Asker: 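Here it is, the structure in full.
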Amino acid sequence: MVSALSIVFGAPAVLFGLALLPIIWWLLRLTPPRPRTELFPPLRILAKVLKKEETPAKSPWWLTVLRLLIAALIVLALAQPVMNPREVQISAEGPLVIVMDNSWSTANNWPERISVAGELIDDAEAENLPVSIVFTAEDTHNATPDTAARARERLQAAVPRPLHGNQQGAVSAVLTALESSGIGTLAVLSSGLTANDATESWQSLLDRAPRDVMVFQNTTDGTLALVAASNEANGFAVTAERLDSDHTEIHAVTANDSQGRPIAAGELRFEEGATTGTALLTVPFELRNDFANISVDGLSNAGARYLLDESARRRRVGLLSAEPLDLSQPLLSPLYYLTRALEPFADLIVPEDSELGGAIAELVEQRPSVIVMADVGTVPDEVEDLLLEWITQGGLLLRFAGPRLAGGDDSDPFVPVDLRRGERALGGALSWSEPQPLAAFSEQGAFAGMSRPDDVTVNRQVLAEPSPDLGARTWASLADGTPLVTSRAFGDGRIILFHVTAEATWSNLPISGHFVEMLRRSILLSRSTIGAQGVVEEVILPPYRLLSASGAVTTPSGAVQPLKVRSGSLPPVSFDNPPGLYGTESGFVALNLMRDADVLFAFELPDYPGPVTHSEYMRAASVDLAPYLLTAALLLLIADTLIVLFMSGAFSRLTMRKVQATAGAGLLVIGVGLAGADNPAIAADERPGDAEILASLDRTHLAYVITGDRRTDRTSRLGLNGMTRFLTYRTSLEPGEPVGVDIERDPLELYSMLYWPITVDADPPSREAISRVDTFMKNGGTVLFDTRDALAGLSSAGVVSPETARLRAILAELDIPALEPVPQDHVLTKAFYILNEFPGRYRGSPLWVEALLDTDNPDNRPARGGDGVSSIIITGNDLAGAWAIDENNIPVYPTVPPDPVQREHAYRSGVNIMMYMLTGNYKADQVHVPALLERLGQ
């Protein structure tokens, strides 16, 4: 066998190419990468004048190692490496014969079996050998040798079956098909199981002297099957069989309902040295009646699931009394309380024959689950054997005491314990004892878990003779310890005796609620019968639900035949009748894979003098490494290409061309998204390039501060876009696209005005950003702060909105002059339009600007630095909200109040502000024209 970690090369001579790697190293070291080219703008040279220019003389060492690794991977791939190569093991002196087990226990590792069989067929195809493949769990066995392709098709079509393997039939088919030819290789793909009488068939096959024998078989640990499940007095008992008995083994078992939901759990235990294991699910009777199947956790095959049928549910009960029915006093009838207690959960049968012997024979012929005898003293001799046989075969006899039973024969075989003749009277005129209440129910009987009735008393009873096993047979007793209900198993059946009458003459138990529960629990210990129409010789039941090889309950397929049940005996599972439920939803029987007496037999190939190879299915698969090596070389080659392009500056040129194209179109792309997620175009650690500066200076751009709040940034972008269009349509100014500016790192000196909406949802600006804004304002720039809180009363006494508080915090760190509302004669009121207020989306908030120096003549106010333009403007009217339009030129937000005139005035306010910042105090200087002309004339 080949080691699981071995690697074999199909073309080892190619490996000599690895000796050329040092030469490749030398060549790569002498080949430098392509020099990086730079543009020659003056500003770029000045920005890097202090940097020392270096020209590489050779390729970096790490790039050389990368290329050597690529060459080595290609050489190794061309050498055709194969990990875990599988050697051809079959004989070329005859056909390949594969006997493949596909019984129920192969479902757990079926893909592994398919893989092993496929490899064998591949070997036969390589040697041009015919293949004979036969499966054990099929209805027919075709072992005729055929081509490898045909054998592969049959293999792919094969599936595990929920059946026992018929190895005798498979081997016989092989012997018949190869009667006139020898066998090259015999491959047995075993499940680890076999039939008890299959040894002779295998010996006959080995007598044909195959050249090689290969046996594939995994360990049999964990191979088990459920063989029986019964509803006992103290719980639901489950029995299982296993192969390996060398150690103690414990499995969890689960009881499932008809919907597949787990409702109870237990522990299946196999003792060391034992092949039979048992489990007891101690759950209430109410839950037991809902059991649909029992399964072993962790095992997915048909043997690990046991189906349950109507035997755990409703029963047919025959009622019998030696006393004729008294219609005048029905409450004293022995069957009155029994009938009303059993009707809800049992089908009742009353014989027509008035004689006791004939009535018993009539009931036994109808095969009920339970026969109830109310005060029947002695069973007639002619039906005694008939009744004993019925009980032995699984019937349950439920008897009630009375005067007749108390005076019956001492050798009565139909009582669970020996009885004393006569009856015991409690609380009578001649008795010193009082009526006795019930004691707590025994934990060993069917009444375990029931509460003790406090209102039930017993006046009379039949007594049991003391015996060593009396306590074990007692399910209920009185407070003085005398038995009230006793029981014992009889063959496959059971006899239960109530030591009181079935009517309320000896005790008030029959008129209590506990009586119904005691009867129901007793009835549930019986077995169900097949059908409900009486004696039948043959019943044909259609398939209702089937059990798959993986242990799943599925719907029937078309190949399944109806189940024929003769005299209540179920046939064994077969290809026509796989395990499952047969019948209808109202009534069905369970046909399980295993029967109560079935055992598992381990597969052992008879001794063979020739070569025999034993192997497990879990084998390391062969892997061709060439595709993986070539893929790795290709990925490294792509990485090498990207590295070379990066080192040669290709990506820098690509980025430069993109920026230049954007500048040529008159746009500075700052990354303003539709949702307002704006990203700056210039990295924090780089200075702006010439193309960016030229694109910004080519046209006037309205700029806004990116706050980080998506809604606010989107409103700013749409608002400045609307203002840009209005300026284009109404004035000679044609601004470019609005630009979002990150005050933390973008150059501010490219813009004459910044629109800054104040929001409390964004993080406050850093101290460095405030310092940059302060420098921008001192160098002639203007910042338009918009708190957008006019409705909150920006200047109202005692009212400070969160936006105003945030603005005050920002202004506290700026060096700004005193502010005042725009005077009536300010340039802003007449820069383009004649305005007396500056509304936005809201109105009422004043527009604040820098206060002018006091003068006696307001028409003769002095000019200020910055051409008389205020470096700060503050409003709360939400100008961008009034300017914002969508792509269809439709306003995005309504004005408050909704008024088209207010929106028009908001646009005019924006025009005046822009003209004011672009023209300075030009309008104010017009009042000095006469004085200027006079001075110029002098």
Side-chain angles (χ1 to χ4, degrees), residues 230-237 278 280-285 288 370 372-373 388 391-392 395-402 405-406 408-427 431 433-454 456-502 506-510 512 514-515 517-526:
S230 59
N231 199 348
E232 302 294 341
N234 55 345
F236 210 98
T278 58
L280 185 65
L281 280 66
T282 55
V283 294
F285 272 75
R288 295 189 220 170
V370 182
V372 180
M373 290 185 177
L388 286 175
I391 298 174
T392 304
L396 188 147
L397 178 63
L398 179 61
R399 301 190 66 179
F400 286 86
L405 181 63
D409 190 358
D410 294 339
S411 60
D412 189 350
F414 300 104
V415 291
V417 295
D418 295 334
L419 302 177
R420 292 184 180 180
R421 293 182 60 84
E423 62 200 53
R424 177 193 182 194
L426 303 172
S431 175
S433 59
E434 297 292 335
Q436 290 289 312
L438 269 64
F441 291 109
S442 172
E443 295 296 332
Q444 304 298 324
F447 310 142
M450 290 182 58
S451 60
R452 183 181 68 86
D454 297 330
V456 174
T457 57
V458 175
N459 301 322
R460 290 176 179 270
Q461 69 175 141
V462 291
L463 292 176
E465 291 286 352
S467 63
D469 57 354
L470 180 61
R473 297 184 180 184
T474 301
W475 286 0
S477 59
L478 302 182
D480 60 1
T482 55
L484 176 66
V485 181
T486 55
S487 172
R488 74 180 176 99
F490 195 92
D492 292 336
R494 181 172 293 276
I495 299 176
I496 302 175
L497 172 63
F498 280 71
H499 291 237
V500 294
T501 58
W506 283 21
S507 171
N508 62 349
L509 176 63
S512 68
H514 283 71
F515 184 67
E517 180 64 15
M518 294 170 71
L519 285 179
R520 190 176 70 87
R521 293 196 176 199
S522 300
I523 296 301
L524 286 177
L525 296 178
S526 64

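Here the structure is a predicted model, which is why all the values come from computation and not from measurement.
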Asker: Just how far is it from atom OG of Ser487 to atom CD of Gln444, taken to the nearest 0.5 Å?
Answerer: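 With rounding to 0.5 Å, OG (Ser487) is 13.0 Å from CD (Gln444).
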Asker: If you measure from CG on Asn459 to CD on Glu434, what distance do you get to the nearest 0.5 Å?
Answerer: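 Asn459 atom CG to Glu434 atom CD measures 10.0 Å (nearest 0.5 Å).
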Asker: Just verifying a value: how many Å separate Phe400 CZ and Ile496 CD1, rounded to the nearest 0.5 Å?
Answerer: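 Result: 9.5 Å between the selected atoms.
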Asker: Of Leu470, Leu419, Val417, Val462, which meets side-chain contact (heavy atoms from CB on, under 4.5 Å) against Pro483?
Answerer: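 For Pro483, the side-chain contact (heavy atoms from CB on, under 4.5 Å) test succeeds with only one of Leu470, Leu419, Val417, Val462, which is Leu470.
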Asker: Would you find more than 12 non-hydrogen atoms of other residues, nucleotides or ligands less than 6.0 Å from Asp492 atom CG?
Answerer: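 Yes, the 6.0 Å shell around CG holds more than 12 heavy atoms from other groups.
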Asker: Report yes or no: does Arg473 contribute a side-chain atom to a donor-acceptor pair with the main-chain N or O of Arg488 at less than 3.5 Å?
Answerer: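 It does not hold such a pair.
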Asker: Between Ser507 and Thr457, is there a donor-acceptor pair closer than 3.5 Å when you use the side chain of the first and the backbone of the second?
Answerer: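 Such a contact is found between Ser507 side chain and Thr457 backbone.
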Asker: Quick check: does any side chain N or O of Thr392 sit under 3.5 Å from a backbone N or O of Leu388, one acting as donor and the other as acceptor?
Answerer: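 Side chain of Thr392 to backbone of Leu388: a pair is present.
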Asker: For Leu525, does its backbone N or O pair with a side-chain atom of Arg494 as donor and acceptor, under 3.5 Å?
Answerer: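 No, because the side chain of Arg494 does not come within donor-acceptor range (under 3.5 Å) of the backbone of Leu525.
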Asker: Could you tell me which non-hydrogen atom of Gln461 sits nearest to which non-hydrogen atom of Leu478, and how far apart they are?
Answerer: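 Closest approach of Gln461 to Leu478, heavy atoms only: OE1-CD1, 3.3 Å.
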Asker: Give, for atom CG of Leu426 and atom CH2 of Trp506, the distance between the pair rounded to the nearest 0.5 Å.
Answerer: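 Atom-to-atom, Leu426:CG and Trp506:CH2 are 10.5 Å apart.
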Asker: Give the intermediate values and the outcome of side-chain contact (heavy atoms from CB on, under 4.5 Å) for residues Arg424 and Thr482.
Answerer: CA-CA 11 Å; Arg424 177 193 182 194; Thr482 55; 3.3 Å; yes
Asker: Go through the steps to decide whether Leu497 and Ile495 satisfy the test side-chain contact (heavy atoms from CB on, under 4.5 Å), and finish with yes or no.
Answerer: CA-CA 7 Å; Leu497 172 63; Ile495 299 176; 5.6 Å; no
Asker: Is it true that a side-chain atom of His514 and a backbone atom of Ser451 form a donor plus acceptor pair closer than 3.5 Å?
Answerer: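 Side chain of His514 to backbone of Ser451: a pair is present.
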Asker: Do Leu398 and Leu519 pass the side-chain contact (heavy atoms from CB on, under 4.5 Å) test, and can you show the C-alpha distance, the side-chain angles, and the key distance before you say yes or no?
Answerer: CA-CA 9 Å; Leu398 179 61; Leu519 285 179; 3.7 Å; yes
Asker: Give me the atom names and distance for the closest heavy-atom approach of Pro413 to Phe490.
Answerer: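 Closest approach of Pro413 to Phe490: O-CE1, 4.5 Å.
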Asker: Check the orientation of Phe498 and Phe447. Use parallel for under 30°, tilted for 30 to 60°, and perpendicular for over 60°.
Answerer: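 Ring orientation, 0 to 90° scale: tilted.
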